Every structure is written in structure tokens, then in C-alpha cells.
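Take a look at the structure below.
Counting from 1, the numbers follow the sequence of the chain as shown. Values in this document were obtained by computation on a predicted structure and should not be read as measured data.
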Amino acid sequence: MRVLIVEDDAVLRDGLRVGLGIGGFNTDAVETCEEADAVLKNHEFDALVLDLMLPDGSGLDVLKSMRERRDTTPVLLLTARDRVADRIVGLDAGADDYLGKPFDLDEVAARLRALLRRAAGRPGARLEWSGLSLDPAKQKVEQDGKPVHLSRREYAVLHALMAHPGQILSRSRIEEKLYGWQEEVESNAIEVHIHHLRAKLGSDAIQTVRGIGYRLGGEM
């Protein structure tokens, strides 16, 4: 899942990128309100990790702009200002969760997974579809109760498809879930990942909808 980090502290920003990357998230990062506004208007993210105290203003300004243009992306606020009054202001401004500094990276990842579950209306942590089971916390996949070993990119493609059961995802939308804007993407990268997934899960596990994209095969 793709996450935007808005944090001006370079050490903290890099730590979040590395930690969330290990947790299975694809991350991009910016340092200012202006950069965040520009990126959010032109790219789709599954969640946003937002610092309140930024060099050119408050993260609340970014949050306000998002909600005014009907952007419902889940937002996790990170801030050193952890008073109850500050939390209330952030939540009332449209944030979905709030975590004070210092924090544990595993907790950040867990809170993001919880936000994504709620946004998708899923009651449970695991994703299930036609004999497939994917555990985002452990980054493990099973098929009919047996473990399936996937590469990081293969897992990310399957995660994207299972997070949108029954929907057709275009190649460009899957690419956005897997790659940051500074990464070079081979023109046939998604097709290669799909081919490898079919080899491991069965040829009918993922359907190609010609001219549109891909969706899971089988039924819930």
C-alpha cells in the first residue's frame, strides 16, 4: 500500500521510510506543506503520515485543504505536541488517528493497517479471497491453508488486488501502489509480476480484462 510521509526532520523521515518499507508499505516523502499539497493533488495514496510542525506552516493546513476538496485519504498525525487539546484539534480537523513523538515504528505500521481496514470497511485483519489468505501484519500469504512464498513485488501486487476484491485495477493504478515517483519502472514490470503470481497461485488466480487491467479470479 502506498503511503505519503510529510516530515521535515530528515532522520525521522528516513527512519519512517525504511521502517514502513520493511512493513510492506511503498512510501514517498516530502518536507513542506507546499510540497504535500502539490503531491496530493496529483497522486493517489492509501494513507498519509503527517507531521504538524512543518517549515512553511502547520500540517493542519494540509489536512484542511485535503478535506475541503473531498480527499478522504486516511491521515495519521505525528507530533511532539501530545496534549489532549492538541489531539482534539487534530481529530476535529479531519485526522483519523494521532500519535505523539517519540513513537515506535511498529506501532505506526499497525495504526496505518488499522486505518486502511476501516477505510475499506473490513472487520478483520486478514484479506480472504477464493482460498487465498493474506496477512498484512506478517506479510504472509496462504492458499488453501498452505504457505505461498512471494517476492516483495509479487506480494504487493497481490495485496493491491485483494484489497479491492472483485474490482478491476489498471496497470497504472497497480504501478502507483508498488513504485514511488522517483523509481524507474520497466514497461512490462506488472505483467512479469502477474505472470509469476499465476505460476505460484494457478493460472486462474488473476484474470486479465483486456484493455482495462487485472482482477482476482474465482469468488469470495
Side-chain angles (χ1 to χ4, degrees), residues 1-32 35-36 38-40 42-51 54 59 62 73-79 95-120 122 125-127 133-142 147-164 169 171-186 189-190 192-194 196-197 200:
M1 298 288 101
R2 191 178 185 190
V3 174
L4 177 65
I5 300 166
V6 186
E7 170 60 63
D8 65 315
D9 184 306
V11 174
L12 185 53
R13 186 174 61 250
D14 291 344
L16 282 165
R17 293 202 67 175
V18 172
L20 292 178
I22 293 172
F25 294 92
N26 173 31
T27 62
D28 290 299
V30 295
E31 303 176 34
T32 66
E35 291 173 327
V39 168
L40 288 165
N42 292 285
H43 297 272
E44 179 182 334
F45 295 90
D46 295 296
L48 174 65
V49 176
L50 177 62
D51 186 21
L54 297 168
V62 175
T73 303
V75 174
L76 171 62
L77 291 181
L78 296 180
T79 179
D96 299 274
D97 200 359
Y98 199 112
L99 191 58
K101 300 177 181 178
F103 51 79
D104 186 274
L105 285 171
D106 288 338
E107 183 177 2
V108 176
R111 285 177 181 265
L112 286 173
R113 289 192 295 268
L115 290 181
L116 294 171
R117 283 200 306 273
R118 290 201 293 270
R122 294 197 313 270
R126 285 175 175 263
L127 302 177
S133 176
L134 184 148
D135 186 337
K138 297 180 180 178
Q139 299 180 63
K140 291 184 178 180
V141 175
E142 293 182 349
V148 180
H149 301 289
L150 303 178
S151 71
R152 183 169 67 90
R153 297 297 192 194
E154 292 163 6
Y155 171 86
V157 172
L158 183 62
H159 190 180
L161 291 169
M162 292 187 70
H164 300 84
L169 299 188
R171 184 177 73 175
S172 61
R173 190 173 179 190
I174 296 174
E175 284 178 351
E176 280 215 337
K177 302 287 186 186
L178 268 67
Y179 301 98
W181 59 66
Q182 295 180 335
E183 292 184 84
E184 291 187 8
V185 185
E186 296 286 342
I190 300 303
V192 170
H193 297 320
I194 295 289
H196 291 161
L197 282 169
K200 295 178 179 181

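Minimum interatomic distance between R126 and S133 (heavy atoms only, all atoms of both residues): NH1-OG, 2.8 Å. Residue R17 comes nearest to T27 through the heavy atom pair NH2-O, 2.7 Å, listed as atom of the first residue, atom of the second, then distance. A pairwise comparison of heavy atoms in L105 and G15 identifies CD1-O, 3.7 Å as the closest pair. Residues L115 and P74 share a closest heavy-atom pair of CB-CB, 4.0 Å.
Between L78 and L16 the shortest side-chain heavy-atom distance falls below 4.5 Å. Two residues are said to be in side-chain contact when any heavy atoms from C-beta on lie closer than 4.5 Å; V39 and D28 fail this criterion. Contact check for V192 versus H196: side-chain heavy atoms found under the 4.5 Å cut-off. Between H193 and L178 there is a side-chain heavy-atom pair separated by less than 4.5 Å. No side-chain heavy atom of F25 sits less than 4.5 Å from a side-chain heavy atom of V108. With a 4.5 Å cut-off on side-chain heavy atoms, I5 and L20 count as touching. For the pair K140 and P147, the minimum side-chain heavy-atom distance is 4.5 Å or more. With contacts defined as side-chain heavy-atom distances shorter than 4.5 Å, the pair H159/K177 does not qualify.
With values rounded to the nearest 0.5 angstrom, D9 atom CG is found 9.0 Å from D14 atom CG. The distance from the OG1 atom of T32 to the CG atom of D51 is 12.0 Å, given to the nearest 0.5 Å. To the nearest 0.5 Å, atom CZ of residue R13 and atom CD of residue E31 are 4.0 Å apart. Atoms CG and CG, on D96 and L112 in that order, are 10.5 Å from each other to the nearest 0.5 Å. To the nearest 0.5 Å, atom CG of residue D97 and atom CZ of residue R111 are 4.5 Å apart. Note that the CZ atom of R2 and the CG atom of N26 stand 6.0 Å from one another [nearest 0.5 Å].
Within 6.0 Å of NZ in K200 there are more than 12 heavy atoms belonging to other residues, nucleotides or ligands.
Looking at T79, V75, L4 one by one, the single match for side-chain contact (heavy atoms from CB on, under 4.5 Å) with L50 turns out to be V75.
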Check against side chain to side chain contact (heavy atoms under 4.5 Å, CB included), V6 and V62: CA-CA 10 Å; V6 186; V62 175; 5.5 Å; no
Would you please test L76 and V3 for side chain to side chain contact (heavy atoms under 4.5 Å, CB included) and show each step? CA-CA 10 Å; L76 171 62; V3 174; over 6 Å; no
